[in-house]
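The structure under discussion appears below in the form of structure tokens.
Note that the structure is a prediction, hence the values are computed from the model and not measured. Reckoned from all heavy atoms, side chains included, excluding hydrogens, waters and symmetry mates. Within every chain, numbering begins at 1; the chains are lettered A, B, ... in the order of the sequence lines, protein sequences first and strands thereafter.
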Amino acid sequence: MLCSQEQEDAYLFGWNPTPGIVSVWANRQGEAVVWRREGERVHCSHERFWPWVLATSLTDLTAVGGRLCRVAVLPPPLSEASPGLIYYRELDGPEGTYRFLLFCADQSRLERMLLRGAARRLGRRLASLAELEDYYAVGPVEQYLMQTGQVYFRDLAYEHLHRLQLDLETTALDPHRGRIFLAAVRDSRGLATTLEAPREEDEPRLIRDLCDLICQRDPDVIENHNLFGFDLPFLEERARVLGVPLMLGRQGAPEAARRLRRYQETLAIGPEARRRLRYSVAGRELVDTLDAVRRHDFVVRDMPSYALKDVARYFGIASAERTYIAGMDIVETYRRDPERVRRYALDDVEEVDGLSRRLLGAPFALASMAPRRYERLVSAGPAMGVLEPILVRSYLRAGAALPRPSEQEAGSDGLYEGGAVHLFATGVAEHVVKADVASLYPSLMRTFAIGPRCDRLGVLLSILGRLTDLRLQHKEAARQAPPGSIEANHHAATQAAMKILINAAYGYMGAGKMALFADAQAAAEVTRRGRAILDQVVEALRRRGLALIEADTDGVYFAVPPEWSEEQERALVTEIGAGLPSGIRLEYEGRYRAMFSHEVKNYALLTYDGRLIVHGVALRSSRAEPFGERFLRRALLATMLGRVHEVRTAYLETVEALRARALPAADVATQVRLTKTPETYFASRQSHQEPAYEALIKAGRRQWFPGERVRFYRTAEKQYVWLPDENTEEVPAGQEWLALAPTSAEGETPLTTMERVRQSSKELAERRDYDVEYYIRLLTSSYAARLRKAFAPEDFEALFREDRQLSLFAETKPLEQIQPRWIRCQLPRSD
DNA sequence: GCCAACCGGGG
DNA sequence: GTGTACGGTTGGC
């Protein structure tokens, strides 16, 4: 089907030009409240819309005596419509598709009728429409946006949003065991302050002041890191206990909707559906930067941690003067030096703002395309959560029936072949190049016009094409605009949002029975062509005599001759790329000084500026004893540089350090997370002992919590010693540290239990009575073993033999003659 | 050694 | 008000 560009853009961006929407609230009775920003002012308007549900037939409705009235497009305005009637529109489409668009002034009433009819038809009880494939419904806000063609943020820049960051400091992680003593608040209009409750009785006041402050500042968005996982649940529980209402919503919404509301989000259907708490409040978007971080890492896959401080450093937005306090020290620091905790908490909200600027531009741009709330688009899955609502809106706009997922799709979940994975060589390579095909799957879809068969209007391919073109334009515009300008940010964020959608297109087709437009055959065709492209690249490299290392889906690692320059490497990639079908682009992704290939997707890379990058489980230590970690990095580096004697030295020095007990116990300790309650463990202790629990018991502890981390080491007497550290959360019997009342200025403050624990912990960490033989065995069997594939078997034995003297009896070659197993090119002779 | 189950983050 | 993460780690057999 041919589409005009105008129509394509209506598919992609909606068609209603209403500018500046910053929040929408709606209910199942067709009432919507829309807040629009015009500069510093926010206008609130009350709208009506027709709640709707899609159906494959009218039989359930007629069976329960529903009075139906057919309409051409929309029913008459709600105020003039007959209240008892169900209106419907017939959409274009074959039998079995969602051909009937049902409207009712009260969606709950409509759903009750449909459920009654369906229950009668099927002869079983039904709790919700979701159990039936005969109906398709979306939330009220989505209904409103899809019906009106409106989207958030039209003609608005991210910088115009009024964002507020909120961070709570509490005396414990669990609201049943601790309380809020400080809240840091800042916003994008210059606010930066703290609210404090040093004494327990001040907490209700703090919560009330916090609500007042938020309502007075009136932000569009409330942000924090782990907002849904920590701050809001904590705040909710404390407010509940103290009887303080959490009125955080915006003027204009019904009173009940202005209260903070909790709801469960079901993450996956399966034997055990995982649930997660979410919160919502009318008129403000609640945004968790942790969600944005997860999504970012989903693409880049190189973030070592999602913790706020780590992420801030990762993005280079952590200030040099930033105050750091270990989690469990915050309460006591506040007692002694409250100013320091204020700085710390304000640094937190500052970093959250920085993260927001860095990461939330893309969801912001998505919200100006997809018919969903901004807060949902921050964490929505790109396929079902973003792309599908766009497709649904397009079909409804075109008056076309939506396809119903076929039975075929139900059985095809992940059954087709995916990308190709090859391991060509193990060992150590130098002068390594990585080349990959840019956006392989979307390029294949576009080049070979592979879309879902059920997409009768061809919307998916149409918007994929439009997105690809627009993305290039925005990328270019971002380059042209002054760096850091609002304009540059806008184009950069828009291209990032478009990239998310482009990459979702393939995954969406393979999404299985839950996706309306799924087509496993089309998805299989995409991966088949993908494998063919990868094979073609691999063969081209092989023919030229380059040393293949590994290939995965859309990229390949190989080694080039040592004398090659980067220009030659790039020229080779360009040359091979020229042989690929037009529309498929091979890119030069990077070059590495060396690579240690261990297994598929398990390798180490050494960059030309000396950074060591380790990929995959097999090369990482799961136990993470610090001495072993240090050895492994040192040995990997030396191996990749071909400095075999340094590998040997690293090994011998580590063995020697263990023997001489030069390392403190903390260096050999491992950390484990407990899963069993004391009851469970004591029940099975006779038959099976576990070191982590034994360590706690030996230290006199009989109480612990599943989830607690325990650091311990093993002594020569085969005993396990607990090393409490800053991650240990122990609640002292009297909970005396919950009382934050300032202590008298003069005189010594008595040590709290936690201080005693930590003080003795420092002494323990310095002890040297560990099991030397055990840790030497561990060094060899767990850490050195990861280098096995870098050397010939006899060389490996020689390198990691503890005592060189013993080897005098065996015939060994001198260390100087040992080399890693090199992976090298065999260039065809040019004669 | 292999597989299923669990976790991520927050004070 | 609904959405299909995923890759690393741990614990049990």
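- Checking dG9(B), dG1(C), dG11(B) against every side-chain atom of Asp167(A), the shortest atom distance belongs to dG11(B).
- Between the His225(A) side chain and the Tyr306(A) main chain, a donor and an acceptor come within less than 3.5 Å of each other.
- In this entry the distance linking CE of Met384(A) with P of dA5(C) reads 11 Å, nearest Å.
- A close approach under 4.0 Å does not occur between any side-chain nitrogen or oxygen of Arg262(A) and OP1 or OP2 of dG1(C).
- For the pair Arg179(A) and Phe181(A), the cation does not sit on the ring face, since its NZ or CZ is not both under 6.0 Å from the ring centre and inside 45° of the axis.
- At a threshold of 4.0 angstrom between heavy atoms, the contacts of Asp348(A) are confined to the sugar-phosphate backbone, with no base atom among them.
- When heavy atoms are screened at a 4.0 angstrom cut-off, Glu142(A) is found touching the sugar-phosphate backbone but no base atom.
- Nucleotide dG11(B) holds its C1' atom 11 Å from the CZ atom of Arg177(A), rounded to whole Å.
- Among the atoms of the strands shown, none is found under 4.0 Å from any heavy atom of Pro233(A).
- When the P atom of dG1(C) is taken as reference, atom CZ of Arg373(A) falls 8 Å away, rounded to whole Å.
- Rounded to a whole Å, the OH atom of Tyr306(A) is 13 Å from the P atom of dT9(C).
- Arg376(A) places its CZ atom 9 Å from the P atom of dG1(C), with the value rounded to the nearest Å.
- The shortest distance between the side-chain N/O atoms of Arg372(A) and the OP1/OP2 oxygens of dG3(C) is below 4.0 Å.
- Between the CG atom of Leu290(A) and the P atom of dC6(C) there is a distance of 17 Å, given to the nearest Å.
- Closest contact between the side chain of His225(A) and the listed nucleotides dG1(C), dG11(B), dG9(B) involves dG9(B).
- Two residues, Val141(A) and Pro382(A), neighbour DNA chain C, and the one matched to the more 5' nucleotide by heavy-atom proximity is Val141(A).
- dG11(B) and dG8(C): their C1' atoms are spaced 25 Å apart (whole Å).
- As rounded to whole Å, 16 Å separates atom C1' of dG3(C) from atom CZ of Phe517(A).
- Using a 30° and 60° split on the angle between ring planes, Tyr720(A) and Phe712(A) fall in the perpendicular class, above 60°.
- Checked by atom type and distance alone, the side chain of Asp288(A) pairs as donor or acceptor with a backbone atom of Asn226(A) at under 3.5 Å.
- Under the 30°/60° scheme for interplanar angles, the aromatic rings of Phe315(A) and His296(A) are found to stand perpendicular.
- Here the side chain of Phe230(A) is nearest to one of dT4(C), dA5(C), dG11(B), namely dG11(B).
- With dG9(B), dG3(C), dG11(B) as the choices, the nucleotide that has an atom nearest any side-chain atom of Lys309(A) turns out to be dG11(B).
- Among the protein residues, Ala307(A) comes within range of the sugar-phosphate backbone only, with heavy atoms under 4.0 Å from sugar or phosphate atoms but none that close to a base.
- The residue Leu168(A) sits close only to the backbone: its heavy atoms come under 4.0 Å of sugar-phosphate atoms, none of a base.
- Side chain of Thr170(A), nearest nucleotide from dT2(C), dG11(B), dT4(C): dG11(B).
- Residue Ala383(A) is classed as having no contact, given no heavy-atom separation below 4.0 Å to the nucleic acid.
- As judged by a 4.0 angstrom heavy-atom cut-off over every strand, Ser280(A) is placed among residues making no nucleic acid contact.
- Separating the C1' atom of dA5(C) from that of dC7(B) is a span of 13 Å, rounded to the nearest Å.
- Between the CZ atom of Phe228(A) and the C1' atom of dG8(B) there is a distance of 17 Å, rounded to whole Å.
- Under the 4.0 Å criterion applied to side-chain N and carboxylate O atoms, Glu111(A) and Arg28(A) are assigned as salt-bridge partners.
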